[in-house]
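Note that the structure is predicted; figures quoted are calculated from it, not measured.
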2 protein chains.
Amino acid sequence: MAPRKPASVNIKDVARHAGVSLGSASRVVNNVPNVGEATRAKVLAAIEALGYRPNHAAQSLRSRSTRTIGCLVTDVSNPLYAQLFRALEERFLAEGYLLLLANGLNDPDREIALLNLFRLRGMDGVVIAPGNERHAGVLKAVAALEMPAVVLDRDLASPHDKVQFDHAAGMRAAVARLAGLGHRRIALVQSQSANRPMRRRAEGLRAACKAHGLEFDDRWLVQLPSSTSSAYDAVAALLATPDRPTALLVQGTSILVETLNAIAAAGLSLPRDLSLVTLGDPDFAVHHAPPLTALRVDLHAVADRTAERLLARLGGETAEAVSLRVPSELIERGSCGPAP
Amino acid sequence: MAPRKPASVNIKDVARHAGVSLGSASRVVNNVPNVGEATRAKVLAAIEALGYRPNHAAQSLRSRSTRTIGCLVTDVSNPLYAQLFRALEERFLAEGYLLLLANGLNDPDREIALLNLFRLRGMDGVVIAPGNERHAGVLKAVAALEMPAVVLDRDLASPHDKVQFDHAAGMRAAVARLAGLGHRRIALVQSQSANRPMRRRAEGLRAACKAHGLEFDDRWLVQLPSSTSSAYDAVAALLATPDRPTALLVQGTSILVETLNAIAAAGLSLPRDLSLVTLGDPDFAVHHAPPLTALRVDLHAVADRTAERLLARLGGETAEAVSLRVPSELIERGSCGPAP
DNA sequence: TTGAAAGCGCTAACAT
DNA sequence: ATGTTAGCGCTTTCAA
């Protein structure tokens, strides 16, 4: 491909215009300390006069740094990831890094291709949450990454810093609250995936119930085979059992809405007949009648931890990989009440 | 900053290993036709053996192309933009372009900074939907863009290709349907912003009503001053009027949920007492009871048009800027019925 | 078809 | 403090 643009003004032009050497011009551009006041002023003036803007590709080539971070999530249509991206963008932009977002869409081949692309494009660092945490190819692609990486809420067998959501603690908080309200039968409704969040929530609920001396019947664990399967039917069936749970923990926007419909259809009313905690905090939770009590991770804390780790590695930190845990917060609204 | 990585394998190594010249190696890497079979094979083997991967910064410097597209939206937390990004990513990835997403957050200064960053980073092209379509600084920053750009659903005074959502046609379709069901009083509930979509929807509704011989009372146009103001109260008031509208067009997730609450609180039931069309198609619309009839733009069509335009410009097309209109589709579900 | 060589714009080491 | 210079890795003329 032939160069298209009519060679724009470069640092050489700046140096010439300012009547100083190439090196001095570069020093001013890069804020290197050892520069005389007069020189600096002349160069600054030249930059202004010529409208000089450094060529990023040349800088990258020379400095071996693109000042770009790759960000691989499952799907930015998921508000969790969208908000996380925003929070990360905030942190990295402040440090002069641009964030490149890519959707893995739970497709291992796509995730692998994207990871390789990140490598090819010379990302300075990456933050990744691969949907397929056990896929050999994905694991290999992650291992092949030669830049610093932070793994988000995944149990990935890799020597990278990890930022995990503390699902267990979240479950403890929710169960503690519910138990305090007299609930003894608590159910969990979520999609069925083999990934860390799902596993941890189920484990966490079991452990928390045990800790509070509550029985936990496996029927209370509703794992919906696929996103197309009807949460409505499953919840309706659950609520029709004689010793039905008195509190529901519900994950996923669609599942939540269908669950709410099933509750209404069963003639049950929140929080009188049933208590509900949403896992994750969709837009409408706060607007719902009654407003829905939510258990959610503090995404800003996640972004802070993630940025802190990655920035430290970019700064050359070589200490062993760490695994950070970010707590969930229980936002009390109106959907939990005393057990009937 | 001193180079960190221990000089990786470059095309020179490949050439040496293959026993050919630098130029030949480059030709093979870039699939240039005039290359002998034997040479090609040797180079390919060397690439394989050495694990060669081209240095993107060097390629960019030389070819003056980063193969990266900047994408400026208001906020990717808005599902509309998230889905649009996904659709665009699909198109551009297929052409070997990476998409860089940035959130303008409706802050003109931020939008300007981002636009300048796109220029600085040498994006090959951009697709932008600046929140502040009339802000002088933003306009200036857009004008300063020296790469191809496509403007999304904004009335921006700029000489760029535009892809507009056909709000007027959408309104016509919705009103036609509603009028067919006997509705004569149709209200629009949306947030109050001076941007194109809001303006076009209000204009469109007025025109469509007129075309169908329906009166349009300005009280039917509910523009909520800010996202924090209560749609609930406004809708409750609207429904309490003696000659209340029999159909509602509602835009925005939060507003929609509050509207639904207000409808329920008024003892009204969809679609018996009132019909409703949601403008935009949030996750829960299909799961709601009853499922909500939605008017939405075809985002894949938007992405197709946008990619087609930008790719054409990247390919050197210099024809005058065009303005494309993408239709909305009315998804009939269960929230519209005969006028009471 | 292939090789040799120039140079994209920049940073940093070295020399002054 | 400033100037000079050698590349970073690559594409693309130009010659052969």
Worksheet item: When you look at A:D75 and B:R86, which way does the side-chain contact (heavy atoms from CB on, under 4.5 Å) test go after all the steps?
Response: CA-CA 8 Å; A:D75 183 354; B:R86 269 195 45 179; 2.7 Å; yes
Among [options], the one nearest [X] by side-chain distance:
| X | options | value |
| --- | --- | --- |
| B:T39 | C:dG7, C:dT2, D:dA1 | C:dT2 |
| B:V20 | C:dT11, D:dT2, C:dG3 | C:dG3 |
| A:S24 | C:dC8, D:dC8, D:dG3 | D:dG3 |
| A:S21 | D:dT4, D:dA6, D:dC10 | D:dT4 |
| A:I11 | D:dC10, D:dT2, C:dC10 | C:dC10 |

What is the distance, to the nearest angstrom, from the [atom1] atom on [X] to the [atom2] atom on [N]?
| X | N | atom1 | atom2 | answer |
| --- | --- | --- | --- | --- |
| A:L22 | C:dG9 | CG | P | 12 Å |
| A:N55 | C:dC10 | CG | P | 6 Å |
| A:R62 | C:dA12 | CZ | C1' | 5 Å |
| A:E37 | D:dA1 | CD | C1' | 12 Å |
| B:R64 | D:dC10 | CZ | P | 17 Å |
| B:N34 | D:dC14 | CG | C1' | 15 Å |
| B:N10 | D:dG7 | CG | C1' | 12 Å |
| A:Q59 | C:dA12 | CD | C1' | 14 Å |

Worksheet item: When we call it a touch if two heavy atoms are under 4.0 Å apart, what does A:G23 touch: a base, just sugar-phosphate, or nothing?
Response: base
Practice prompt. Would you indicate what A:V29 reaches in the nucleic acid, counting non-hydrogen atoms under 4.0 angstrom: base, sugar-phosphate, or nothing?
Written response: nothing
Worksheet item: What about B:R27, does its side chain sit under 3.5 Å from the base of C:dG3 through a donor-acceptor pair?
Response: yes
Worksheet item: Sequence neighbours excluded, which residues qualify as side-chain contact (heavy atoms from CB on, under 4.5 Å) partners of B:E317?
Response: B:R309, B:A312, B:R313, B:A319
Worksheet entry | Phosphate-side-chain proximity, A:S26 and C:dT11, N/O vs OP1/OP2 below 4.0 Å | yes
Item to complete: Find which nucleotide of DNA chain C each of A:Y52 and B:A38 is nearest to by heavy atoms, and output the residue with the more 5' nucleotide.
Response: B:A38
Worksheet, complete the sentence: Between B:L61 and B:V35, whichever has its closest DNA chain C nucleotide further toward 5' is B:V35
Item to complete: Count the heavy atoms of every other residue, nucleotide or ligand shown that sit under 6.0 Å from NE2 of B:H300, and state whether that count exceeds 12.
Response: no
Fill in: Stepwise side-chain contact (heavy atoms from CB on, under 4.5 Å) test for B:R325 and B:R305
CA-CA 9 Å; B:R325 216 139 242 111; B:R305 294 299 92 74; over 6 Å; no
Discussion item. Going by side-chain contact (heavy atoms from CB on, under 4.5 Å), B:T66 matches just one of B:D124, B:L98, B:L61. Which one?
Written reply: B:D124
